[in-house]
Amino acid sequence: MSEKQARRGAAQQKLLAFASLIVLVVGFSLASPAFFRIDNIMSILQATSVNGVLAVGVTLVIITGGIDLSIGTLMTFCAVMSGVVLTWGGMPLPLGVIAGIATGALCGLISGTLVAKAKIPPFIATLGMMLILKGLSLIVTGTKPIYFNDTEGYTTISQGSLIGSIIPQFPLPNGVLILFIVAAVIAWVLGRTVLGRYTFALGSNEEAVRLSGVDTDRWKMAIYALAGGIVGIGGILISSRLNSAQPALGLGYELEAIAAVVIGGTSLAGGRGTILGTLIGALIMSVLTNGLRVMSVAPEWQTVVTGAIIIVAVYADQLRRRAAV
Amino acid sequence: MTDLVRMEGIDKRFPGVHALKSVGFDLRPAEVHALMGENGAGKSTLMKILSGVYHPDEGRILIDGAKVALPTPGAAQALGIGIIHQELALMPDLTVAQNIWIGREPRLSLGRIDEARQNADTAALFAAMNIRMDPRARVGGLSIARQQMVEIAKALSHRSRVLIMDEPTAALNDAEIAELFTIIRQLRSEGVGIIYISHKMDEIRQIADRVTVMRDGAYVGTVQAADTPISRIIQMMVGRELADAAATIPDLAGSGTALEVRDLTRGTELRKISFTLKRGEILGFAGLMGAGRTELARAIFGAEPADGGEILVQGRAVTIRSPADAVQAGIGYLSEDRKHFGLALGMDVRANIAMASLPRYADRIGRIREPELARIARDYIQTLAIRTPGDRQEVRLLSGGNQQKVVIAKWLLRDCDILIFDEPTRGIDVGAKAEIYRLLGELAAEGKAIIVISSELPEVLRLSHRIAVMCEGRLTGILPGGASQEQIMELATRRETLAAE
């Protein structure tokens, strides 16, 4: 296979996901006039923001050939820590945001250390972290939600619209803006920086990287920490949307995020993946949920369809890969 | 008496290699027939043909005088040919009996396995071999020697009349070897024909009736083991022809020492190894498979750090606990297994060349200076004549020789002054080999200190300014460049047990 063909293969993969997204949007628009309206589109985007941010974070880990199952409950734990600082501590807003993100980065670093230094398989290490964090959220809050009523402006982090205040016709929620910014920054990190290059290299052939004299353990820890920090942003977004940190929430979010990554064409075997793909994957999932709801399909059927889409997406990718080799 | 096995005019080609050149071989009942030759002589290929793994391009195989086809390992097994590989193929978590009868378990109704009968049959097998073995023991808990007994019992359970043993004593101690030989002699007395592949001269004298020697994929000759001196066998293995071109040995009297290794030790793999390497020198490491050369390289490079000993780089003692330490000290290692240990195959040429030096080509926030790397990658593509459509080509799409050049470029970019090449031309075609040789010579002439590990003696002779020879984890001697193959083989087979005699 030539270089051109290889590039075409990668482009095809993104195209496939993008085409599916377009087909879904067009299909739902034809099926229901309520679907393609600016307020519905905005609510789809808003619904994508949290899952999208989590998916961007876990994309990093998955490209290294790892997996992070703790992101759902970590998201909640970050929200809780933000609530502790703001509502209980009465500190100013920026400190609460920093607390949430720092909590995420620290927990990511712990997962990364368990994986890199203690050589615990990522699945197990983050499964353990998932349960630990779920418990910690409940312990810290005494199982009761922490509300952000006393912190002025907390809900606008996600629900306000900076762009809408400039262009009233286009009230893009801040949460979505934050998702796009996070995605753009991480895409840049992956494509242009040393950290990004080693992320792909670790997933491609970790031993070869180690034998190139690279401190693979340190880089792996850094990648898990970065992913954790991004999950922290997700924690701020969800608590801002709910105006509260709900300690029982979180389980299941990790699988939705991983599903988005997989639909976006990132290989669970590591070494390959794109942020744009992940973004499209997250959009496909929320378009699907929203569209089916608009068409009054029962929620229990929505999950069945989502599950089928994941399997079809990965199978299509397998077929494409087999044809390419 | 009819031969048990007769192979005639066996010819086999692989892409780029003529592995077997019309080779003949025969085995009589109740005989131990040793098959010898250097690495790459074609012994294993020939045995894989006899056991149905490979198919010959030409030639025929007769069992008991009748022509047979061996399309699959199963077919060979059905004809009574059993093979015991050097790497044992057992499932450690299953019991001895479960391993032996895997795939043909005695059944009861409803698909249940008749464990009782399986265990009884296994006990009977071992009783016939005069070995005490619990059929219910977990294989993973047995010593390597005991596991080998299980493999032999498994082969015998197929009613094998031909048993091929590939380096069976590689991982055994002397007591275990003696036990193995007892079993081999017993099997021989029962009429089983045994093909015994080994590098160990003293063992051949102890156990073999006849010896067949192969070289470069061709049959050299068959002799009686009892009355043929070892020196004659060695001579048959290395042949008379000289290396294609001998190395020109530069005058290194004025060069400083780049690397000094003192008493490097790791377990039983490396035993107190000491040598020095000068700037501008190519030091070849010769030895048979399992001599510990790759282990030595990986210890110096920190991939599997040594337990004891000192390493001095440019006269200063360095502590090497990881490859990162070694690279910091200016040591680069080019593994024999490029695909697993040298390259990120799915990434492009540019990224692979930059792999060891990335932080140098990035700014404070970690942003990679791609244009600069692109220029550097293109420079290397030109100077090393790497055949690729461009620096963005994925390395998995390059040929072996060009992949090797990408790895070389990686270390050159990292400014490594000491380069360890482990089998630098493995899997590389003949034309590209000459280019790699020329490249190594040029690197040495520029003052790089180079270690070349190679299993091909002509390659060692062609490249090396001095030749270090290892045997069983020890450095048995250092010869000047241009030494004879016989001298090298003598050192490479100088086992401790022999030296003690």
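Only this structure's heavy atoms are used, side chains among them; waters, hydrogens and symmetry mates stay out. Keep in mind it's a predicted model, so treat the numbers as computed, not measured. Each chain gets a letter, A, B and so on, in the order the sequences are listed, and its residues count up from 1.
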Problem set entry | Note, B:Arg298 side chain near A:Leu211 side chain (heavy atom, < 4.5 Å) | yes
Exercise. Does the A:Asn205 side chain pair with the main chain of B:Lys339, one donor and one acceptor, at a distance under 3.5 Å?
Worked result: yes
Seminar exercise, completed: Looking only at B:Leu345, B:Val327, B:Val407, the option with the highest number of non-hydrogen pairs under 4.5 Å against chain A is B:Val327
Exercise. For B:Phe301, is it the side chain, the backbone, both, or neither that has a heavy atom closer than 4.5 Å to a heavy atom of chain A?
Worked result: side chain
Exercise. Under 6.0 Å from the CD atom of B:Gln328, do we count more than 12 heavy atoms belonging to anything else shown?
Worked result: no
For this session: Of all the heavy-atom pairs spanning B:Gly302 and A:Arg210, show the shortest one and how long it is.
Result: O-NH1, 4.4 Å
For this session: Please round to the nearest 0.5 Å and tell me the distance separating atom CZ of A:Arg197 and atom CG of B:Leu373.
Result: 7.5 Å
Seminar exercise, completed: Nearest heavy-atom approach of B:Pro359 to A:Tyr198 is CD-OH, 3.6 Å
For this session: Using heavy atoms and a sub-4.5 Å threshold, report which of residues 346-356 of chain B line up against chain A, by residue number.
Result: B:Gly346, B:Met347, B:Ala351, B:Met355, B:Ala356
Problem set entry | Segment of B:Leu358 engaging chain A (4.5 angstrom heavy-atom cut-off) | both
For this session: Could you tell me which portion of B:Ala303 (side chain, backbone, both or neither) has an atom closer than 4.5 angstrom to a non-hydrogen atom of chain A?
Result: both
